[in-house]
Amino acid sequence: MSKVYEYNLRTKKEGEFLDITYLVEQALKESNLKEGIVVVFCPHTTAGITINENADPDVVRDMLATFDKAYPKQGDYNHSEGNSHAHIKASLMGSSATIIVEAGGLKLGIWQGIYFTEFDGPRNRKVYIKFI
Amino acid sequence: MSKVYEYNLRTKKEGEFLDITYLVEQALKESNLKEGIVVVFCPHTTAGITINENADPDVVRDMLATFDKAYPKQGDYNHSEGNSHAHIKASLMGSSATIIVEAGGLKLGIWQGIYFTEFDGPRNRKVYIKFI
Amino acid sequence: MSKVYEYNLRTKKEGEFLDITYLVEQALKESNLKEGIVVVFCPHTTAGITINENADPDVVRDMLATFDKAYPKQGDYNHSEGNSHAHIKASLMGSSATIIVEAGGLKLGIWQGIYFTEFDGPRNRKVYIKFI
C-alpha cells in the first residue's frame with residue numbers, strides 16, 4: 001500500500017484553475033505503481049478538483065466567468081464570511097477526481113488536465129494524492 | 001476485502017444536507033482499515049453526496065437556497081413526477097464521494113464534513129460505504 | 001489486477017445521455033470481480049459521466065434542457081471553438097463515476113443508470129472501465 005502524497009499549492013487569484021497534472025505524474029513515478037487508480041483530493045471547502053481542457057486557457061477563463069455569473073460573490077447569502085459562492089462552486093466541481101493508471105501512466109484523454117479549482121484565493125492550499 | 005456497510009437515513013425536509021461523517025467514521029472503525037480509500041455512495045436519483053463545510057450551518061442554507069433559485073421546483077419540465085429539479089441537483093452533487101484513509105482515520109480537511117444531500121424529501125434513504 | 005476495459009461509443013445528438021450501464025455490467029462479468037469498486041472514466045473534456053434515473057426518458061430530457069438554459073451555447077465566451085458550454089457542463093457532471101461491486105454485481109439503486117453525458121456531439125467517443 002502506497003503512502004499519501006501531500007503537496008503545498010499557492011494560488012494567486014480569487015478564482016483560478018491550477019493545472020496539477022505534473023504533480024500527480026510526479027507522485028505516480030515515485031509510487032512506482034503500474035496498474036490501478038489514483039485519487040486526487042482537495043481538503044478545502046472553497047476549492048475543488050476537476051478535469052478539463054489543458055490546451056486553450058480560454059476554456060478555463062470561460063468556466064470561471066460563467067460560474068461567477070451563475071453564482072455571484074454578492075448574493076442572497078447568510079454565511080457571514082462572504083464566500084458562500086466559493087462553497088457552492090466547490091461542491092459543483094467536487095472534492096476529488098479519480099483517474100485510471102495503466103502501464104505506469106495516467107490514462108487521461110489527450111486534452112485532459114487535472115485542475116485544482118480555487119474559488120476563494122489567493123491562499124496557501126494542499127492537495128492529497130493516493131494510489132490504489 | 002471488507003464488506004459493504006449500509007445505513008438507513010431519514011431526511012426531514014424537502015431539501016436537506018445530512019452530515020454523515022460520523023457514520024463513515026463508525027464504519028471505518030468497524031472495518032479496521034488503516035490505509036486506503038473509502039467510497040460513500042448514494043443509491044438514489046434525487047439525492048447525492050458532497051463534501052463541504054461542517055462548521056457554520058449557514059453555508060448549507062446558502063447552498064440549498066442558491067440551488068433552489070438556479071434550478072427551481074417549478075420549471076419547464078416534462079417529467080410527470082414533478083421532481084426534475086431534484087434529479088438535476090443530484091447529478092450536480094454527484095452520487096458518491098471518495099476519501100483517503102490514513103492511519104485508521106479519514107484524511108479530511110479540518111472544515112470538511114461528508115453530506116448526504118436530499119433534494120426530494122422527506123424520505124427514508126440509504127447510503128452504502130465501501131473500503132478499499 | 002484486472003485490465004482496463006475500453007469501449008467505443010457513438011453519440012447521435014449534440015446533447016445526449018447514453019445509458020452505458022450494460023457496458024459496465026458486461027465488463028464486470030468478463031473481469032470476474034466479486035467484491036470491490038469500479039471506476040467509469042470519460043477521457044473527453046466536452047462530455048462526462050453521471051448516474052441518474054433510468055426509467056422515464058423525460059428526466060434526461062429535462063436535465064439537458066435545463067443545462068442548456070443555464071449554460072447556453074451562445075454566451076460571453078472567449079474560447080474560439082464555440083463549445084465552452086460543453087466544457088462547463090462536462091465539469092459539472094464530472095469525468096468519472098465510482099460504483100461499488102458486491103456479489104459480482106453493480107450495487108446501484110433500483111432507478112439508477114450510468115450515463116455517458118455528451119454535450120458536444122455527435123461524435124465518436126470512448127469510455128474506460130477499471131475494477132479494483
Side-chain angles (χ1 to χ4, degrees), chain B residues 1-6 9 27 31 36-50 66-67 69-99 116 119-120 123-132, chain C residues 1 17 19 21 33-40 48-71 88-117 119 130-132:
Chain B
M1 185 63 71
S2 73
K3 66 167 186 169
V4 181
Y5 292 81
E6 292 191 37
L9 305 174
S31 79
I37 57 172
V38 52
V39 174
V40 181
F41 188 86
C42 166
H44 310 284
T45 59
T46 53
I49 305 286
T50 200
T66 302
F67 293 143
K69 209 170 150 188
Y71 306 100
K73 192 174 177 180
Q74 312 297 337
D76 179 25
Y77 306 129
N78 287 7
H79 181 46
S80 61
E81 288 182 34
N83 59 359
S84 285
H85 69 106
H87 288 286
I88 292 162
K89 292 166 187 167
S91 271
L92 291 174
M93 294 298 96
S95 55
S96 70
T98 303
I99 303 111
F116 180 94
F119 296 116
D120 194 30
R123 292 215 200 186
N124 293 314
R125 299 291 205 175
K126 279 182 189 296
V127 66
Y128 304 154
I129 299 172
K130 174 77 178 176
F131 298 96
I132 298 281
Chain C
M1 185 63 70
F17 279 26
D19 191 334
T21 314
L33 182 77
K34 297 305 172 199
E35 314 286 334
I37 58 171
V38 52
V39 174
V40 181
I49 305 286
T50 200
I51 293 174
N52 216 299
E53 174 161 331
N54 58 11
D56 179 3
D58 275 338
V59 171
V60 164
R61 191 221 73 98
D62 289 351
M63 293 180 73
L64 282 167
T66 302
F67 292 143
D68 278 348
K69 210 170 149 188
Y71 306 100
I88 292 162
K89 293 166 186 166
S91 270
L92 291 174
M93 294 299 96
S95 55
S96 71
T98 302
I99 304 111
I100 296 169
V101 173
E102 188 180 46
L106 298 175
K107 201 167 168 59
L108 288 167
I110 191 166
W111 303 110
Q112 286 184 315
I114 306 166
Y115 286 101
F116 181 95
T117 63
F119 296 115
K130 174 78 178 175
F131 299 96
I132 298 281

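Every chain is numbered from 1 and lettered A, B, ... according to where its sequence line falls, protein lines coming before strand lines. Small disclaimer: the values here were computed from a predicted structure and weren't measured.
Contact annotation: the side chain of B/K3 never approaches that of C/E35 to less than 4.5 Å [non-hydrogen atoms, C-beta and beyond]. Between B/F41 and B/I49, the closest side-chain pair of non-hydrogen atoms is not below 4.5 Å.
With a 4.5 Å cut-off on non-hydrogen atoms, C/Y115 does not touch chain B at all. Proximity to chain B is limited to the side chain of C/E102, based on heavy atoms less than 4.5 angstrom apart. Looking at B/S95, only its side chain comes within 4.5 Å of chain C, counting heavy atoms on both sides. Both the backbone and the side chain of B/H87 come within contact range of chain C, each with at least one heavy atom under 4.5 Å from a heavy atom of that chain. When heavy atoms are compared at a cutoff of 4.5 Å, C/K107 approaches chain B by way of both its backbone and its side chain. With a threshold of 4.5 angstrom between heavy atoms, C/N52 approaches chain B through its backbone and through its side chain.
Of the possible donor and acceptor atoms, none in the side chain of C/T117 sits under 3.5 Å from a partner among the backbone N and O of C/F17.
Residues B/F116 and B/A47 approach most closely at CZ-CB, 3.6 Å, considering heavy atoms. Shown here for C/G113 and C/T21, the closest heavy-atom pair between the two residues is CA-OG1, 3.4 Å.
Looking only at heavy-atom pairs under 4.5 Å with chain B, the residue among C/M63, C/Q112, C/E53, C/K69 that has the most is C/Q112. No other option in C/T98, C/I110, C/D62 has as many heavy-atom pairs under 4.5 Å with chain B as C/D62. The candidate with the highest count of non-hydrogen atom pairs below 4.5 Å against chain B, out of C/T66, C/N54, C/V60, is C/T66.
Counted by atom type alone, B/S91 and C/T50 present one or more donor-acceptor pairs between their side chains at under 3.5 Å.
To the nearest 0.5 Å, atom CG of residue C/L92 and atom CD1 of residue B/I88 are 12.0 Å apart.
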